[in-house]
Amino acid sequence: MKMHEAKRVEIIIEAVMEGRLTNALNEAGVTGYTILPVSGGSGRSGQWSREGQVGRAGGMVAVICLIHPDRLDALLESAFAVVERHIGVVSVSDTYVLRAERF
Amino acid sequence: MKMHEAKRVEIIIEAVMEGRLTNALNEAGVTGYTILPVSGGSGRSGQWSREGQVGRAGGMVAVICLIHPDRLDALLESAFAVVERHIGVVSVSDTYVLRAERF
Amino acid sequence: MKMHEAKRVEIIIEAVMEGRLTNALNEAGVTGYTILPVSGGSGRSGQWSREGQVGRAGGMVAVICLIHPDRLDALLESAFAVVERHIGVVSVSDTYVLRAERF
Amino acid sequence: MGMDGILALAGANLVSPIILSFLLGLVAALVRSDLSFPEAVAKGLSLYLLFAIGFKGGAGVAAHGVDALLVAALFAGVILSILLPFIAFAMLRFLTRVPVIDAAAVAGHYGSISIVTFVAASSLLAGRGIPAESYMIAVAAAMEAPAILSALWLAARRGGTAERVGAELWREILINGSIILLLGAFAIGWFTGEAGLAEIRSFIVDPFKGVLCLFLLDMGLVAGRGLRSSRGVLSLGAVIFGIVMPLVGATLSLAAGLALGLSFGGVVLLMVLGASASYIAVPAAMRVALPEANPALSLTLALGVTFPFNLTLGIPLYLLLAGAVTGN
Amino acid sequence: MGMDGILALAGANLVSPIILSFLLGLVAALVRSDLSFPEAVAKGLSLYLLFAIGFKGGAGVAAHGVDALLVAALFAGVILSILLPFIAFAMLRFLTRVPVIDAAAVAGHYGSISIVTFVAASSLLAGRGIPAESYMIAVAAAMEAPAILSALWLAARRGGTAERVGAELWREILINGSIILLLGAFAIGWFTGEAGLAEIRSFIVDPFKGVLCLFLLDMGLVAGRGLRSSRGVLSLGAVIFGIVMPLVGATLSLAAGLALGLSFGGVVLLMVLGASASYIAVPAAMRVALPEANPALSLTLALGVTFPFNLTLGIPLYLLLAGAVTGN
Amino acid sequence: MGMDGILALAGANLVSPIILSFLLGLVAALVRSDLSFPEAVAKGLSLYLLFAIGFKGGAGVAAHGVDALLVAALFAGVILSILLPFIAFAMLRFLTRVPVIDAAAVAGHYGSISIVTFVAASSLLAGRGIPAESYMIAVAAAMEAPAILSALWLAARRGGTAERVGAELWREILINGSIILLLGAFAIGWFTGEAGLAEIRSFIVDPFKGVLCLFLLDMGLVAGRGLRSSRGVLSLGAVIFGIVMPLVGATLSLAAGLALGLSFGGVVLLMVLGASASYIAVPAAMRVALPEANPALSLTLALGVTFPFNLTLGIPLYLLLAGAVTGN
Ligand SMILES: Nc1ncnc2c1ncn2[C@@H]1O[C@H](COP(=O)(O)O)[C@@H](O)[C@H]1O
Ligand SMILES: Nc1ncnc2c1ncn2[C@@H]1O[C@H](COP(=O)(O)O)[C@@H](O)[C@H]1O
Ligand SMILES: Nc1ncnc2c1ncn2[C@@H]1O[C@H](COP(=O)(O)O)[C@@H](O)[C@H]1O
Ligand code: NA
Ligand code: NA
Ligand code: NA
C-alpha cells in the first residue's frame with residue numbers, strides 16, 4: 001500500500017497540563033492527536049502510580065500526534081512552550097502513514 | 001543483545017470497530033497485537049473525550065502490532081479494508097525486536 | 001528545535017511482572033519510564049481482554065522507556081532477564097528527544 | 001387542567017433532586033468546570049440502573065400477572081420504533097439542510113428510545129402514586145433496535161451508502177448489552193417474583209433514586225460538554241426538530257396507547273418512549289453501519305436538546321396530555 | 001432426604017436472583033453479547049464484597065465469642081489447602097494428558113479457595129436460617145495461600161522448572177490484597193463488634209445480596225468469555241476433573257469438619273472451601289512462579305467448570321450431605 | 001476534662017470502623033501488599049461523598065433556616081484560608097530548609113482544607129449527638145481556593161517564579177470539580193429541602209458511613225504508598241510542622257469560631273477546617289502554577305502526616321478544646 005512519510009510525536013505530560021497542551025496545539029494548527037491514559041511511571045521527580053488517586057495532580061497522559069514533516073517545527077515549538085517548565089518528555093520518530101491527506 | 005528488524009504498526013480506530021479489525025487481522029494470519037485504551041483525542045471530526053461516557057460510540061482504541069517486515073503488506077491490506085470508510089489513522093514505523101521467533 | 005538521538009524501548013509484559021521489571025530497570029540505573037494500561041490483546045497464548053476481570057493475572061502493561069543509545073544494552077539485558085521466561089514482547093525504535101539532559 | 005396546571009406540574013417536576021442534578025451537571029460543563037465522572041463509574045451506574053429497572057419490571061409482572069395486552073404492547077412498540085424514523089427523516093429534510101445520510105442516522109436515534117428518560121418518568125409516576133404496567137420495560141427493550149432498520153433503509157434508499165448490513169451487525173444490535181441486561185433482569189425478576197425482590201430490595205429499590213441523581217449529574221456533564229464542543233453543529237431548524245419531534249412521537253404513542261387500552265400510567269410511559277431518542281445502542285450501530293454520518297449531530301440533538309427537553313418539560317406535558325385524554 | 005430432596009433443594013437454589021444473575025452473564029457471553037463490566041467496576045464490587053464479608057465475620061466472632069475450635073479450624077484449613085493439590089495433581093495426571101507443569105498449576109488452584117463461592121454459600125445458609133461459625137471467613141483466608149506451596153513443590157519435584165521462589169514472591173502471596181482485606185476487615189469487625197456493625201450495617205449488610213448479584217453477573221460474563229475463547233483447551237477428562245475434584249475436596253473437608261466438631265453450617269462452609277478453586281490469588285502467583293504453565297487451562301477449569309458447578313449443584317449437594325451425616 | 005478525658009475520647013474515636021479502615025490501608029501499604037483501589041473506584045467514592053455531604057448540608061439549612069451568621073462564617077473561612085498560609089510559610093522556613101518555592105506550595109495546602117477530614121469530624125459529631133450549623137459545608141467550599149492566592153503571592157514575592165496566573169487558572173481553581181459538586185449539591189439540598197432528602201435518603205444517608213470506610217481505606221493505601229516512596233523527603237522539622245501546623249490552624253479557627261458565636265459543633269468543624277490540609281484542589285493548582293515546587297513534599301506532609309494526625313488525635317483534641325472553652 002502507498003505509505004507517506006510522517007513524524008510521530010509522543011508527548012508525556014502532567015495531566016493538569018493536558019488542556020493547555022491541546023489548546024496550544026490547536027492554536028498552532030495541529031488538530032489531529034490522540035490521548036492515552038498513563039497508569040504510572042518514574043523519572044527524576046520519583047516514582048508514581050494512579051492507583052487509588054482522586055486528585056488530578058500526580059498523573060500524566062501521553063499525547064500522540066502524527067504530523068506531516070513540514071509541520072513538525074510549529075508543533076514542537078508550541079508544545080515546548082507548554083512543557084518547558086513542567087515535568088514530562090517529548091520524543092519524535094519517523095513513521096509512515098496511510099491516507100496522507102489526513103495529516 | 002541480538003535484535004531483529006520488524007515493523008511497528010499502530011492503528012487508532014473507533015472502539016465499535018475493534019472486533020471487526022481483530023477479526024480481519026486474525027484472518028490475515030496476524031495473531032499478535034496489543035490493544036491500548038484511548039481516553040480522548042481530536043481529528044477532522046472534532047474533539048472527544050471518554051469521560052463520563054456510557055455508550056461505545058465516540059471512543060477509540062489503539063491497536064499495536066509488531067510484525068515481520070515480509071508480512072506487513074498482508075496486514076495493511078486487511079486493516080485498510082476495515083478502516084477505509086471509518087475515522088482513524090494507521091502508521092508504520094521501523095523497529096527492532098528481541099526474540100524474532102515470536103513475530 | 002534541537003533534538004537528540006535516543007532509543008524508544010517498548011516492553012509489553014504481564015501485569016504481575018510489572019514490579020519485577022521496574023525493579024530490574026532501577027537496578028540497571030534506568031529510572032525514567034512510563035507505564036500505559038493495556039486493555040486486551042492476542043498472541044501465541046491466545047486472546048485476552050481485561051473487561052470485568054478482578055485478578056491481576058491475565059493482564060499486561062506497556063512500559064515505555066526513552067533512553068540514551070549508550071545505555072540501551074544495559075537496559076535490554078536487565079529487562080530480558082525478567083521477560084525471558086514470560087510472555088510479552090520487547091521492541092526498540094530510533095527516536096529523537098528534546099531536553100537530552102533528562103535521559 | 002389549564003396552562004396553570006402544566007406550569008405547576010412542570011415546576012414540581014423541576015424541583016426534584018433528579019432534575020436538579022442533571023441541571024447541575026449541565027451548568028458545570030457549560031462553565032467548563034473540570035468536574036467529571038470516570039468512564040468506568042458512568043458505566044457502573046448505568047449497569048446498576050438497567051439491572052434494577054429490569055428486575056423491578058419483572059417482579060411487577062410476577063405480582064400483577066400478565067395479559068394479552070403485553071404482546072399487543074410489544075407489537076405496538078416495534079411498529080412505533082419502525083415508523084417514527086420515517087417521520088423524523090421527513091421532518092429533518094424539511095427543517096434543515098443536513099445530508100440524507102445524516103438525516104437517516106438522526107432518524108434512527110428518534111425511533112429508538114432513551115432508557116434513562118423512561119426511568120425518570122417511572123420515578124415521577126411512582127412518586128405521584130400512578131400505577132403503570134410493569135411490562136412497559138420490556139416494551140422499552142423491544143423498541144431499541146427496530147428503528148435502526150428504518151434508518152438503514154432510508155440511507156440506502158435515499159442515496160446514502162449504508163454498509164452491507166451483515167448478520168454480524170444484526171446480532172450485535174439485537175443482543176447488545178443494554179437489551180440483554182434489561183430483558184435478562186426482567187426475566188429474573190419475573191421468575192423469582194416477590195421473594196426475589198425481597199432479597200435484593202435494599203439494593204435495587206431503596207437507593208435507586210439517589211443513584212439516578214448521580215447518573216443524571218453525569219448525563220448533564222456529558223450533554224453540556226457535547227453542546228459546548230459542537231457549537232455550530234446545530235442549526236435553528238435542527239433545534240426545532242429536537243423539540244417538535246418528541247411531541248410528534250409522544251402524540252403517536254398516545255394514540256397507540258389509547259388504542260391498546262393501556263392504563264393511564266402505561267400510556268404516559270409509551271409516550272415517553274416514543275418521545276425519547278437513543279444515546280447508547282443506536283449511536284454505536286450507526287458508527288458501524290453509516291460511518292459517513294456525522295455522530296456529533298445525532299448525539300448533540302438526542303442528548304443536548306431532546307433529552308433535557310423531555311426531562312424538564314416533556315414528561316410533565318405528556319402526563320397532562322394523557323390525563324386530559326383519559327380523564328385522569 | 002432422597003434424590004427428590006436434592007433436586008428440590010437444587011431447584012430452590014437455582015431460582016435465586018444470585019444464581020440466575022450468574023447464568024444471565026454466562027448466556028450473554030456465550031451468545032457473544034457486548035454486555036461487559038469495566039475492570040474498575042468489577043474490582044470495586046470485589047473490594048466491597050471482601051470488606052463486607054470480612055467485617056461481618058469479625059462482628060460475628062465479637063458477638064458469639066471464640067473458642068479453641070478457631071485455631072483447630074484454621075489448622076485444618078491449612079492442611080486441606082496443602083493436601084488437596086496432591087490429590088488434584090494425581091487425578092489430573094490420570095484423567096488427562098496435560099504436562100506436569102500444567103497439572104501442578106491447576107492443582108494449586110484447587111487447593112486454594114474461591115471467596116465468592118464461599119459468599120454464595122453463606123448467603124444460602126443465612127437465607128435458610130442455618131447458623132455457622134463466624135470465623136469461617138478467617139479459615140477461608142488461611143486456605144488461600146498454602147496450596148501454592150504444594151503446587152510449586154510438585155512442579156519442581158516432577159520435572160517442571162519452577163522459578164526460584166524468593167522471599168519476594170512469598171511476601172506477595174501471603175499479603176496479597178484479598179487476604180489483607182479479608183483479614184483486616186475481619187479484625188476491624190471483631191474489634192468494633194456490634195457497635196461497629198450497627199454503624200455501617202446499611203452499607204455492608206442490607207445491599208449485600210444485590211451487589212453479589214451484579215458481581216456474579218460479571219463472573220458469568222468472564223466465565224462465559226473464557227469458555228468461548230478456550231474451546232479445545234478442555235478435554236473430556238479435564239471437564240470430569242473439574243466436577244469430580246470439588247466432590248473429593250468437599251468430602252475430605254466434610255471429614256475434617258466432623259472431626260473438628262464444627263456446627264452443621266460450619267461443616268458446609270468448610271466443604272465449600274475445599275470444593276472451590278481459586279481464580280484470583282493463585283492465578284497471579286502461578287504466572288510469576290510457573291510462567292510456562294498454560295493459564296487458560298487453570299482459569300477455564302476453575303471459572304468455567306468448577307465455579308458454575310459449585311454454584312448451581314455443588315452447594316445444595318454439600319448441604320444435603322452434611323445434613324445427612326450430622327442429622328440436620 | 002483532663003488528660004484522661006482526652007485519652008478516653010481519642011480511644012473511643014480510634015475504635016471506630018472509619019479510623020480502623022484508614023489504619024488498615026496504611027498498614028497494607030507499608031507492608032507493601034498489592035491491595036489497591038482502581039483510580040475510577042476512588043473517584044467514584046469521592047464523587048459520592050461530595051454529593052452526599054453537600055446535599056445533606058443544604059437540606060439541613062432548609063430545615064433549620066439560615067441567619068446572618070452564614071455570611072460571617074463564610075467571610076471568616078475565607079480570611080482564615082488567606083491567612084494560614086503566611087503562618088505556615090514562616091513556620092516551615094523556621095523549622096526546615098526547604099526552598100522558598102516549596103514552602104510556598106506547602107503553605108497553600110495548609111490554608112486550604114481536606115473535605116474528608118471534615119466528613120470524618122461531622123460523622124463523629126453526629127455519632128455523639130452534637131449538632132452543628134449545616135452551612136459549615138459551604139464554609140468548607142469557600143475555604144478551598146483562597147489559600148492558593150496567598151501561596152502564589154508568597155512564591156512570587158519571595159523569589160520564586162510563579163507562572164503568570166492568568167484568568168484561565170483562576171477559572172479552573174474557582175470552579176474546580178469538588179467546589180462545584182459540593183456547592184451544587186448544597187444548593188439542590190437547600191432547594192428541595194426535607195422532601196428532597198426523603199427521596200434519596202437511603203442513598204446518601206444510610207450507607208454513608210460504610211462508603212466513608214472504604215474511601216478511608218483507599219486514603220490509607222495512598223498515604224502509606226506516599227510515605228514509603230518518599231522516605232527521605234521528610235526531615236524531622238517537616239514532620240513537626242505537619243503536626244504543629246494543624247494545632248495552630250485549629251487554635252486560630254477556635255478564636256474565629258468563638259468570635260462569630262458559632263455553636264459548639266460549628267466551632268469544632270471550623271477548627272477541623274483550619275487544621276486540615278488540601279490533597280485535591282491545591283495540589284493540582286500548584287502543579288500548574290508552581291511547577292518547580294516538589295509535589296512529593298506537600299502531598300506526603302498533607303496526606304502522610306497531617307491527615308492521619310487529624311483523623312486519630314486531632315479531631316478528638318479539637319472537640320475537647322472547644323468543649324473546654326465553650327463549656328460543653
Ligand atoms: N526516560 C523516560 N522514558 C519514559 N518516560 C519518562 C522518562 N523520563 C520521565 N518519564 C515520564 O515523565 C514523568 C516525569 O519525569 P521527570 O520529569 O523526570 O520526573 C515520569 O514519571 C515518567 O512518567
Ligand atoms: N494526526 C493525528 N495524530 C494522532 N491521532 C489522530 C490524528 N488524526 C486523528 N487522530 C485520531 O483519530 C481520531 C479520528 O480522527 P478523524 O478521522 O480525523 O476525526 C481522532 O479523534 C484522534 O483520536
Ligand atoms: N506481535 C505482537 N505485537 C504486539 N503485541 C504482541 C505481539 N505478540 C504478542 N503481543 C502481546 O503480548 C501478549 C502475549 O503474547 P504471547 O506471548 O505471544 O502470548 C499478547 O497477548 C499481546 O498483548
Ligand atoms: Na423514540
Ligand atoms: Na479448594
Ligand atoms: Na487548613
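Residue numbering restarts at 1 for every chain, and letters A, B, ... go by the order of the sequence lines.
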Starting at [atom1] of [X], measure out to [atom2] of [Y] and round the result to the nearest 0.5 Å.
| X | Y | atom1 | atom2 | answer |
| --- | --- | --- | --- | --- |
| C/Tyr96 | A/Ser93 | OH | OG | 9.5 Å |
| C/Lys2 | A/Leu76 | NZ | CG | 13.0 Å |
| C/Thr34 | A/Leu36 | OG1 | CG | 11.5 Å |

task = Examine whether an atom of C/Ile64 lies under 4.5 Å from a heavy atom of chain A, and if so say whether it belongs to the side chain, the backbone or both; otherwise answer neither.
result = side chain

key: Residue C/Leu66 versus chain A: region with a heavy atom under 4.5 Å   = side chain

query = Around A/Glu5, counting heavy atoms of other residues, nucleotides and ligands shown, do more than 12 lie under 6.0 Å from its CD?
reply =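 Incorrect, the count does not exceed 12.
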
Is chain C contacted by the side chain of [X], its backbone, both, or neither, given a heavy-atom distance below 4.5 Å?
| X | result |
| --- | --- |
| A/Glu10 | side chain |
| A/Arg8 | side chain |
| A/Val83 | both |

ask   = What are the two closest heavy atoms between C/Thr31 and A/Ser42, and how far apart are they?
value =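 That closest heavy-atom pairing would be O-OG, 2.6 Å.
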
Nearest non-hydrogen partners of C/Thr22 and A/Gln47, listed with the distance =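 So the two residues come closest at OG1-NE2, 4.4 Å.
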
Check: [X] side chain, [Y] main-chain N or O, donor-acceptor pair, under 3.5 Å:
| X | Y | result |
| --- | --- | --- |
| A/Ser39 | C/Ile35 | yes |
| C/Arg99 | A/Val90 | no |
| C/Thr95 | A/Val92 | yes |

task = May I ask you to name which of A/Ser49, A/Gly41, A/Ser91 has the most heavy-atom pairs under 4.5 Å with chain C?
result =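 Winner by heavy-atom pair count: A/Ser91.
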
